[in-house]
Amino acid sequence: MKISIISVVVACLLGCESANYAPPVTPQMAAATKGRNVDWLREGRRLLVHRCIECHTLPPLWHYSIEDWPGIVNSMSHRASLKPAERDAIIAYILAVRSIQE
Amino acid sequence: MIPTNLRRRLTLLVLPLLMWPATAALAGARHFTFLYEAPTSAPGSIELENWITWERVTNSEQSDQIAFRHEIEIGVTEHFQASIYFLDWFYQRDRTQSGFNYSGSAIELIYNLTNPVIDPVGFSLYQEIKVGRQHLELESKLIVQKNFGPLILDYNLTLEAEWEQQRLQERQGELQQALGASYELSPRISVGLEFLHEFVFPDWRDEEKIRNVFVGPNVAFRRQNWFVAVTALAQATDTPDQADFKVRTIFGFGF
């Protein structure tokens with residue numbers, strides 16, 4: 001019985017973890033987004049995983065459309081104390097991830 | 001009755017803060033009320049948190065205590081935040097007496113070491129120094145957190161040292177471990193469980209073998225620049241002088 005419960009819990013955790021909520025930046029991402037600077041995308045990823053989880057967990061990036069993401073990030077940028085350049089870096093990173101997922 | 005000077009102090013401090021318009025940035029929203037989370041506030045963000053904790057002891061004396069805490073939380077750097085508990089006070093009532101008391105003020109510092117999303121585990125270190133009338137308290141915590149998608153697992157290991165009474169002669173230690181799980185039903189609502197396991201050492205001795213276990217559900221709601229989180233705990237052990245029930249509500253909003 002105990003083993004079954006533990007197995008179910010571990011399976012649930014692995015299931016949640018299997019989706020990579022903030023994949024590392026790759027040169028392919030930069031190339032797919034009209035040659036965006038890799039460092040700029042890395043900064044966007046760093047800000048995403050630090051600032052956004054102060055209030056909520058990260059949704060899978062495919063959960064919203066490419067068209068929706070800029071508005072979503074913009075609507076929460078004030079709450080997350082994001083400067084315009086920081087907000088743009090997060091959007092650039094999300095769109096870069098989405099562009100290689102398409 | 002509330003002493004006049006305390007009433008005046010409370011009015012001056014609390015009223016303007018409660019009336020502060022909730023129009024600005026939120027430093028972070030809580031998922032738990034008896035546990036701390038590893039992420040720290042964004043640099044430059046400022047937030048006011050108001051805590052209310054109701055505790056009921058149902059032994060022969062049957063007493064209630066409602067404790068209030070008013071905290072300002074400031075994001076200093078991307079990984080470091082500082083807080084001031086500028087006023088901790090409580091109302092206590094039992095069969096023979098009742099009244100308000102000031103319990104102290106404190107400084108709290110949290111340093112984040114690793115991230116709970118991209119690192120294997122998120123770690124933060126916590127230190128609190130609290131000073132009151134005939135009261136000194138030091139509290140250190142290790143905060144461990146891992147996010148599994150919409151699920152947050154959180155663990156706090158706390159060591160607390162207290163000195164009380166005249167010349168701070170009476171001393172006590174406490175070791176606490178707390179485990180929490182919170183599942184986000186949506187970006188605005190999360191529900192979960194909190195579990196506390198306390199080891200109390202009066203005079204830093206373990207002769208009385210005081211062990212307390214509390215467990216109960218939590219719910220958190222966040223919107224715009226504010227959040228509210230509530231946890232209800234019941235004592236799973238049978239320690240006579242400890243609260244049988246605790247309910248804590250934290251309401252926070254950003255400036």
Side-chain angles (χ1 to χ4, degrees), chain A residues 5-6 8-26 29 41-64 68-69 71-87 89-90 93-94 97, chain B residues 22-31 37-47 73-75 77-79 81 112 114-120 122 145-153 181-190 192 220-227 229 252-255:
Chain A
I5 293 170
I6 291 168
V8 169
V9 171
V10 170
C12 289
L13 295 179
L14 290 175
C16 290
E17 187 64 354
S18 64
N20 193 343
Y21 289 84
V25 175
T26 61
M29 286 182 195
L41 298 179
R42 283 193 183 126
E43 177 66 1
R45 179 181 185 248
R46 189 190 67 77
L47 288 163
L48 177 79
V49 300
H50 276 96
R51 298 288 180 85
C52 301
I53 65 165
E54 287 167 18
C55 291
H56 56 78
T57 58
L58 296 183
L61 298 183
W62 45 261
H63 195 78
Y64 301 103
D68 287 343
W69 270 113
I72 291 167
V73 176
N74 200 36
S75 70
M76 289 184 271
S77 62
H78 180 58
R79 256 176 281 170
S81 301
L82 290 170
K83 295 171 186 153
E86 294 174 328
R87 177 200 59 203
I90 290 177
Y93 167 72
I94 293 170
V97 174
Chain B
T23 56
L26 179 65
R30 284 176 177 269
H31 294 79
E37 293 165 60
T40 47
S41 301
S45 63
I46 301 176
E47 179 181 309
E73 191 177 290
I74 302 159
T77 70
E78 201 72 59
H79 295 276
Q81 75 174 52
N112 174 243
T114 55
N115 186 277
V117 175
I118 55 170
D119 294 314
Q145 180 181 331
K146 183 62 187 170
N147 290 16
F148 295 95
L151 177 68
I152 299 172
L153 292 183
S182 176
Y183 187 85
E184 268 187 18
L185 300 174
S186 79
R188 285 186 181 157
I189 302 173
S190 55
F221 182 79
R222 49 209 156 263
R223 187 176 167 82
Q224 300 293 333
N225 298 313
W226 61 271
F227 75 87
F253 57 87
F255 297 152

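Chain identifiers are assigned alphabetically (A, B, ...) following the order of the sequence lines, protein sequences preceding nucleic acid strands; residue numbering begins at 1 within each chain. What you see is a predicted model; the values in this text were computed from it and never measured.
- For A:Leu47, the part lying under 4.5 angstrom from a heavy atom of chain B is the side chain only.
- Across A:Ser81 and B:Pro43, no two heavy atoms sit closer than the pair CB-O, 4.4 Å.
- Each of A:Ile53, A:Leu82, A:Leu58 has some count of heavy-atom pairs under 4.5 Å with chain B, and the biggest count is that of A:Ile53.
- Atom CD of B:Glu184 sits about 7.5 Å away from atom NE2 of A:His56, to the nearest 0.5 Å.
- The NE2 atom of A:His50 sits 5.5 Å away from the CG atom of B:Asn112 when rounded to the nearest 0.5 Å.
- Inter-residue side-chain proximity for A:Glu54 and B:Glu37 is flagged as unmet; no heavy-atom pair is nearer than 4.5 Å.
- A distance of 5.5 Å separates NE2 of A:His78 from CG of B:Asn225, quoted to the nearest 0.5 Å.
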Might you work through the side-chain contact (heavy atoms from CB on, under 4.5 Å) test for A:Thr57 and B:Ile152, ending with a clear yes or no?
-> CA-CA 8 Å; A:Thr57 58; B:Ile152 299 172; 3.6 Å; yes
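- Between A:Arg51 and B:Glu78 there is a side-chain heavy-atom pair separated by less than 4.5 Å.
- In this structure, SG on A:Cys55 lies 14.0 Å from CZ on B:Arg223, to the nearest 0.5 angstrom.
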